[in-house]
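The block underneath contains the structure these notes are about, expressed in structure tokens.
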Number of protein chains: 2
Amino acid sequence: MPESRPYHHGDLRSALLDSAERTLREKGVGSLSLRELARETGVSHAAPGRHFKDKQALLDALALAGYDRLAEVLAAAYDPALPLQPRLTALARAYLAFATENAELLALMYARKHEPEAAEQMAAGVDRSVGSLGRVIADAQRHGEVVEGDPERLTLFMGATLHGIAALTAGGLLDADEAFGMTEDLIHHLLHGLKPR
Amino acid sequence: MPESRPYHHGDLRSALLDSAERTLREKGVGSLSLRELARETGVSHAAPGRHFKDKQALLDALALAGYDRLAEVLAAAYDPALPLQPRLTALARAYLAFATENAELLALMYARKHEPEAAEQMAAGVDRSVGSLGRVIADAQRHGEVVEGDPERLTLFMGATLHGIAALTAGGLLDADEAFGMTEDLIHHLLHGLKPR
DNA sequence: ACCTGAACACCGTTCAAGT
DNA sequence: ACCTGAACACCGTTCAAGT
């Protein structure tokens, strides 16, 4: 740790990302400016330009990091020892928790990005997260606990439902506690359908 | 139609909204500026301030109009003469079409707004749209075509699923044609569930 | 290789003054 | 009642120059 403010920051890139993530969480994307970020990090306003080609590149990097964390959270919540229904409930709750705790970040993750190479990595990030769901479906199909059919479609059906409540909750249209409270019910309907048996 | 450019515009408010909606669709929220809007409308840069307290107020107005149009689209797609499954498929397709044709607007509609009074109207807009779904569920329950239980929860389950694919598609994470192609399947799973019968 | 300072072309918002 | 023009405090981005 150098005594005051050295000419070279050392790890400006990750310092900017950390600062940006905090601002995003506390004040929203609208209040995120490169100049303000530079000020907080004690660096000139032009310095961020060395590490991020433009503002969108920084936002893309934030979103990408978000996908990494989401994939971790889901992987951690995936417990193959659990029966199907609680296994899915745990995954749903994990996603919901991530969505409510990172509402602004989630919006960034699912926004249309402009930089084409970032979009590619974004898709890969989605795949990694959807992977946890896909494993559950494929595994359950093998045990005859889930209907036969294209596992990708089944996974997408399930993913869409989870993403739906998560997005509605993150957007403030659904109360977080309410969403958590109905997760079990939701998974039940997902498994048993709306039609009476 | 006055000959050149009169001092008073006449209906500046709706002219600004029209222009904003076009810009939103063609270039995205990022490229939407009040000054540019004023220029396009042939008015001074300070004029919009008379009709919208700030930029967010204009965005809120756009989102609100979006809810109106979505409610219309859904109401038009709601055909009580159809059997349950095609009735739901039609609603899902209508929402999906709206989402793909108004991707940027949809993001605005489901974003956290700051002006508290707008948030209230926003919630009302959601209710109106969800209303179409709620009617289908309540009606189907009466005919024994859908399981018993809190109709609001069932509606929300269904709404979350539809919103999920729509949001993923609007966000570019799911190809629009692919999403349309799997709509029928999706509704099938919604009705019959993932568990084998 | 990394950062600064000045410069450029934009913003949103406010407010006296004009019609 | 509605709009203008100037002013203010911000932006993002670029680029020569400094370390």
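For clarity, every value in this text was computed on a predicted model and none was experimentally measured. Naming convention: chains lettered A, B, ... in sequence-line order (proteins, then strands); numbering from 1 in each chain.
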Legend entry - Electrostatic pair Asp60(B):Lys55(B) at N-O distance under 4.0 angstrom: no

Legend entry - Pair assignment for dA9(D), Watson-Crick or G-U wobble, requiring both distances under 3.5 Å: none

Inset, instruction - Evaluate the side-chain proximity of Val136(A) to Arg87(A): yes if any heavy-atom separation is below 4.5 Å, no if none is. - result: yes

Legend entry - Gap between atoms CZ and P, on Phe52(A) and dC2(C) respectively (whole Å): 13 Å

Legend entry - Donor-acceptor pair (no angle test) under 3.5 Å: Arg50(B) side chain, dT4(D) base: no

Legend entry - No-hydrogen, no-angle side-chain donor-acceptor test under 3.5 Å, Ser19(B) and Glu40(B): yes

Inset, instruction - Measure the distance from CG on Leu32(B) to P on dC11(D) and round it to the nearest whole Å. - result: 20 Å

Inset, instruction - For dC11(C), take OP1 and OP2 only and decide whether either is under 4.0 Å from a side-chain N or O of Arg39(B). - result: yes

Legend entry - Separation of dC10(C) P from Leu34(B) CG (nearest whole Å): 16 Å

Inset, instruction - Give a yes or no on whether a salt bridge exists between Arg69(A) and Glu101(A), defined as a side-chain N under 4.0 angstrom from a carboxylate O. - result: no

Legend entry - Distance test, side-chain N/O of Arg35(A) to OP1/OP2 of dT4(C), below 4.0 Å: no

Inset, instruction - State which of dG5(C), dT14(C), dT13(D) makes the closest approach to the side chain of Ala46(A). - result: dG5(C)

Inset, instruction - Look at the side-chain N and O atoms of Ser33(B) and state whether any lies under 4.0 Å from the OP1 or OP2 oxygen of dC11(C). - result: yes

Inset, instruction - Output yes when at least one side-chain N/O atom of His51(B) is less than 4.0 Å from OP1 or OP2 of dC3(D), else no. - result: yes

Inset, instruction - Under a 3.5 Å limit for both distances, which nucleotide forms a Watson-Crick or G-U wobble pair with dA16(C), could you say? - result: dT4(D)

Legend entry - 5' precedence on DNA chain D between Gln56(A) and Leu12(B) (nearest-nucleotide basis): Leu12(B)

